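The structure under discussion appears below in the form of structure tokens.
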Amino acid sequence: MIARLSFKCITFNRDAKFLAITSTRYHSSINNALNSITTKSVSSREKSIHKFFENRKHLHRGCDSKTNALSSRWGCWFSTVNALSNNVQPIRILYASQTGTAKLFAYQLSDQLSEIYQDREISIEGWHETESPDQLLQPGKALHVFLTSVAGVGEPPDNGKAFYDWIMNKDKGVGKSSGNADPNLNGLEYAVFGLGNSAGHAKYFNVIGKSLDARLEELGASRVVEIGLGDDGDCIEDDFDIWMDGFMSKLKDSETVQDLVADGEDVAGAELSSFEHIEEEHELEGAEESTESEVMKGKPRISCPGIAMSGNETRLISEKFPTLKLLPRESDVVRKHLFHLQGTADQFYDEKAGKLDVIGNKLLGIEAGESGIHEMKVVLRDHNHTEQLLEYETGDHLVVYPQNSQCIVDAYCNIVDVDRHAIIASDDLTDSYPFPKGLTVCETLSHCIDLGAPPSPSFTRMILGTKDFDYKKDIAYTKRTVLDLLLQHNRRISLEDLLFQCTPMRPRYYSIASSNIRHPSEIRLVYRKVKYVTSLGVLREGTCTSYLSHKGFVGSGSFAHIPAYVNSNPSFRMPKDNNVPLLFIAGGCGVAPIRALLEERIELAKAGHKLGPGTLFLGFRNKDDEVYRHMIEYGLHLGALSHVDVTYSSGCGDEKNKMVTDVVKDNGDRIWDHFESGGVTYLCGGARSFGAAIESSFFDIIQEHGKMDFEGAERYLRNMVKNGKLMDDLAD
């Protein structure tokens with residue numbers, strides 16, 4: 001059995017008094033380290049403290065110069081943490097999210113808080129949802145919880161930029177109280193959880209969350225819990241769950257401390273007492289773990305004639321979430337899209353979304369196999385070419401709303417004991433219901449829930465009925481899904497527990513692989529079908545790439561459709577001056593936006609425009625994986641490209657396998673000259689490995705050829721981004 005315990009970590013506040021700053025679950029393997037910790041001598045516990053924290057990445061990343069001495073000795077990030085002023089104030093959860101994860105975490109935190117603090121006002125708000133940035137903060141009126149991710153090269157998310165620039169005093173002209181004077185945040189209590197990726201952008205890991213956390217304190221705000229640093233390069237769900245446990249424990253500890261104060265007790269003594277009796281607390285927590293083999297035993301049921309699939313016409317309901325009202329089926333037809341909801345309160349798609357006809361979908365490589373690169377063509381007008389639905393510019397993204405595979409939906413429908421075509425009624429539903437009302441159970445599972453996503457840590461605990469598991473090892477790394485856990489442990493689940501806790505389906509962003517100059521009413525998408533076997537031997541397919549690959553085209557007047565909209569990407573454009581030198585660097589499916597730019601260059605060359613030098617470094621897995629060779633050769637012939645180097649990472653036989661990073665390093669002189677000439681560089685491909693490796697090579701080139709140290713190289717690269725000389729389209 002893997003034991004869990006609650007550990008109170010002691011640090012000092014401004015008054016040098018003890019405060020319990022976090023309460024986190026750790027493994028029993030650290031008991032020896034914990035038992036050796038005392039509050040008498042730093043030197044006597046230094047070794048065990050370092051061992052205890054050495055793997056806690058969310059504590060020690062990004063220490064500034066003021067904490068380097070401590071962090072180097074202790075292996076952690078120490079900062080000032082203060083007691084909460086009261087335990088009844090409202091809690092405002094404020095998020096800035098680029099892809100939706102921070103928003104999802106905001107709602108998970110809200111659910112946890114609402115369950116425990118039913119009499120406390122809990123609200124969720126995006127950083128962008130106020131008229132001016134300064135209106136987001138309410139010092140002295142609420143506890144503020146900030147959740148923010150990082151976008152691009154250390155930038156805030158698009159929907160958080162205005163507030164971030166204002167609070168960092170980067171834009172003095174924003175907000176009613178803006179100006180040269182910094183805001184006074186005395187009385188504002190706050191907590192911060194950052195979302196970053198140490199694998200994709202290690203140099204900018206959680207830089208927005210860290211900067212915001214430090215800036216709020218600088219302006220007089222009071223930090224009430226240590227910053228959490230989620231790592232999407234590892235297991236961000238577990239990072240958030242651990243931080244959320246600490247935050248919830250902080251609220252609980254605050255209630256205890258204030259009760260003690262009210263009763264005249266010694267607060268510091270109470271804290272030390274709880275610290276000295278860790279082992280006893282651990283034993284109590286372990287005793288609370290469920291040992292039942294069937295966690296659904298005795299769960300509540302309600303009568304549901306004509307809808308429930310059980311023999312006694314009753315169905316399971318949730319003990320935690322509101323009971324949904326289900327209506328009998330009206331038909332057995334499952335809608336292929338949700339455009340009937342547009343313009344209603346239950347609108348599911350973006351208002352700009354259109355139902356796009358698929359007029360082509362093929363594997364590009366002859367011998368590429370099932371992992372080869374595909375190209376899909378969709379038309380932006382209806383099949384009679386009478387109406388222009390969408391418009392785009394070269395460099396934009398197409399945002400696609402996928403659906404789950406039918407076999408997966410069927411499996412989930414068999415788990416919940418209700419008719420799959422029963423309708424989730426639109427009346428009597430609380431605002432907490434996360435999906436459109438009036439859909440059938442099957443339609444909701446098909447369109448609204450990401451059935452391929454792993455369950456959250458809290459959902460996993462509910463399914464298994466125990467805390468006795470390692471979320472990273474048992475769930476995240478092995479890619480387990482809700483269905484896996486339910487089938488493996490022979491569980492049943494209520495419809496409410498499933499719908500309220502599963503990960504919502506998020507639209508996927510695809511780089512448009514065509515130029516609007518060449519194809520003003522068509523879009524080309526490039527994708528690779530995701531297909532792999534997990535460490536447990538289970539075959540998995542990517543939700544959206546599988547959905548796209550099943551869209552056929554037979555050349556008749558009948559078309560398959562995809563719901564999608566164009567997302568403008570103004571930070572990824574061709575320069576207005578055609579004579580500016582261009583450098584294109586891409587790997588794998590990163591060829592998509594490069595194809596669009598090259599197609600535009602070809603059109604300009606055909607029209608007689610004089611073009612500056614164009615260099616292309618392009619990498620594929622092997623020769624069978626290579627695509628668009630004819631277009632590249634045509635671009636060289638017309639002068640749209642002046643130099644091309646295509647590499648393959650495997651399968652070259654007697655020839656040496658080469659990565660794009662090798663080509664970049666070998667061409668350091670050429671690249672530095674390109675940088676210095678004012679040329680524009682485009683970097684496209686995967687963020688975690690490809691983008692991070694190329695970025696690292698850029699740092700090396702700038703330091704070597706520009707005779708700069710790391711800080712100078714970082715400033716140089718940031719200026720390139722700021723001035724539009726380095727543009728990336730990186731994603732995983």
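Sequential numbering from 1 along the given sequence is applied to the chain's residues. Nothing here was measured: the structure is a model prediction, and the numbers come from that model.
With contacts defined as side-chain heavy-atom distances shorter than 4.5 Å, the pair Leu195/Phe240 does not qualify. Residues Val566 and Ile523 are in side-chain contact: their nearest non-hydrogen atoms beyond the backbone lie under 4.5 Å apart. With contacts defined as side-chain heavy-atom distances shorter than 4.5 Å, the pair Glu217/Tyr190 qualifies. At a threshold of 4.5 Å between non-hydrogen side-chain atoms, the residues Val680 and Leu583 do not count as touching. Counting heavy atoms from C-beta outward, Leu618 and Ile632 have side chains that approach closer than 4.5 Å. Contact annotation: the side chain of Asn579 approaches that of Lys610 to within less than 4.5 Å [non-hydrogen atoms, C-beta and beyond]. At least one side-chain heavy atom of Leu147 sits less than 4.5 Å from a side-chain heavy atom of Ile93. Contact check for Ser511 versus Val526: no side-chain heavy atoms found under the 4.5 Å cut-off.
Under the side-chain hydrogen bond (donor to acceptor under 3.5 Å, both in side chains) rule, Thr394 has a single partner from Arg518, Glu603, Glu600, which is Glu600. Partner Ser198 forms a side-chain hydrogen bond (donor to acceptor under 3.5 Å, both in side chains) with one of Asp232, Asp231, Asp234 and no other, that one being Asp231. The only option from Asp729, Leu525, Ile512 that meets the side-chain contact (heavy atoms from CB on, under 4.5 Å) definition with His397 turns out to be Asp729.
Counting only distance, with no hydrogens or angles, the side chain of Arg595 and the backbone of Ala513 share a donor-acceptor pair below 3.5 Å. The main-chain N or O of Arg524 is found under 3.5 Å from a side-chain atom of Ser514 such that the two form a donor-acceptor pair. At least one donor-acceptor pair under 3.5 Å links the side chain of Lys725 to the backbone N or O of Gly678. A donor-acceptor pair under 3.5 Å is formed between the side chain of Gln98 and the backbone N or O of Asp158. Judged by distance alone, the side chain of Ser697 and the main-chain N or O of Ala693 form a donor-acceptor pair under 3.5 Å. A side-chain donor-acceptor contact under 3.5 Å links Ser650 to the backbone of Arg621. Judged purely by atom type and a 3.5 angstrom limit, Lys352 has no side-chain atom pairing as donor or acceptor with the backbone of Leu390. Of the possible polar contacts, none joining the Asp241 side chain to the Ser456 backbone as a donor-acceptor pair under 3.5 Å is found. The backbone N or O of His128 lies less than 3.5 Å from no partner atom in the side chain of Asn159, so there is not a single donor-acceptor pair. Although no hydrogens or angles enter the test, the distance criterion places a donor-acceptor pair under 3.5 Å between the side chain of Trp127 and the main chain of Leu94.
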- side-chain contact (heavy atoms from CB on, under 4.5 Å) between Phe163 and Leu212, intermediate numbers included: CA-CA 10 Å; Phe163 171 76; Leu212 175 65; 4.2 Å; yes
- Message: Test side-chain contact (heavy atoms from CB on, under 4.5 Å) on Lys479 and Tyr532; report intermediate values, then the result.
- Response: CA-CA 11 Å; Lys479 309 292 186 183; Tyr532 61 95; 3.8 Å; yes
- Go through the steps for Asn657 and Ser649 under the test side chain to side chain donor-acceptor pair (under 3.5 Å), then give the verdict. CA-CA 5 Å; Asn657 297 330; Ser649 58; over 6 Å; no
- Check the pair Glu125, Arg92 against salt bridge (Lys or Arg N to Asp or Glu O under 4.0 Å), reporting the backbone distance first and the verdict last. CA-CA 7 Å; Glu125 192 171 2; Arg92 303 180 66 229; 2.8 Å; yes
- Item | Phe146 vs Leu216, side-chain contact (heavy atoms from CB on, under 4.5 Å): CA-CA, chis, key distance, verdict | CA-CA 11 Å; Phe146 297 89; Leu216 289 171; 3.6 Å; yes
- Thr503/Asp450 under side chain to side chain donor-acceptor pair (under 3.5 Å): CA gap, chis, key distance, verdict: CA-CA 6 Å; Thr503 302; Asp450 191 345; over 6 Å; no
- Task: Decide yes or no on side-chain contact (heavy atoms from CB on, under 4.5 Å) for Ser132 and Trp166, but give the supporting numbers first.
- Result: CA-CA 9 Å; Ser132 62; Trp166 172 77; over 6 Å; no
- Message: Set out, in order, the CA-CA distance, both residues' side-chain angles and the distance that settles side chain to side chain donor-acceptor pair (under 3.5 Å) for Ser515 and Glu599, then state yes or no.
- Response: CA-CA 6 Å; Ser515 166; Glu599 188 171 61; 4.9 Å; no
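The two residues Leu730 and Gly686 come nearest to each other via the heavy atoms CD2-O, 4.0 Å. Between Phe620 and Gly588, the closest heavy-atom pair is CE2-O, 4.2 Å. Considering every non-hydrogen atom in both Cys589 and Ile373, the closest pair reads SG-CG1, 4.3 Å. The minimum heavy-atom distance between Gly587 and Phe690, with the atom names listed, is N-CZ, 3.5 Å. Of all the heavy atoms in Leu611 and Ala605, the pair that sits closest is CD1-CB, 3.9 Å. What you find for Asn569 and Gly395 is that their closest heavy atoms are ND2-O, 3.1 Å.
The line from CG of Leu219 to CG of Asn169 is 8.5 Å long, rounded to the nearest 0.5 Å. Note that the CZ atom of Arg601 and the NE2 atom of His609 stand 12.0 Å from one another [nearest 0.5 Å]. Put simply, CG on Leu137 and CG on Leu188 are 6.0 Å apart, with the number rounded to the nearest 0.5 Å. Met168 CE to Asp182 CG: the interatomic distance, rounded to the nearest 0.5 Å, is 10.0 Å.
Ring geometry for Tyr565 against Tyr401 counts as tilted: the plane angle lies between 30° and 60°, on a 0 to 90° scale. Ring geometry for Trp672 versus His705: interplanar angle under 30°, hence parallel rather than tilted (30 to 60°).
Under the side chain to side chain donor-acceptor pair (under 3.5 Å) criterion, the residue pairs touching residues 673-686 are His674-Thr681, Glu676-Tyr716, with sequence neighbours excluded. Residue pairs meeting the salt bridge (charged side-chain N to carboxylate O under 4.0 Å, His left out) criterion with at least one member in residues 564-574, sequence neighbours excluded: Glu393-Arg573, Asp396-Arg573.
Side-chain contact, Arg508 with Thr545: no donor N or O sits under 3.5 Å from an acceptor N or O. Residues Glu626 and Tyr648 bring a donor and an acceptor atom of their side chains to less than 3.5 Å of each other.
Residues satisfying the ring-ring contact (aromatic ring centres under 6.0 Å, His included) criterion with Tyr107, sequence neighbours excluded, are absent altogether. Applying the salt bridge (Lys or Arg N to Asp or Glu O under 4.0 Å) test to Arg528 and every residue at least two apart in sequence or in another chain returns Asp625. Not counting sequence neighbours, Asp645 has no partner by the salt bridge (Lys or Arg N to Asp or Glu O under 4.0 Å) test. Residues satisfying the salt bridge (Lys or Arg N to Asp or Glu O under 4.0 Å) test with Glu714, not counting sequence neighbours, are none.
With respect to the salt-bridge test (charged N to carboxylate O, under 4.0 angstrom), the residues Asp213 and Arg223 qualify.
Environment of CD in Glu218: crowded, with over 12 heavy atoms of neighbouring residues, nucleotides or ligands closer than 6.0 Å.
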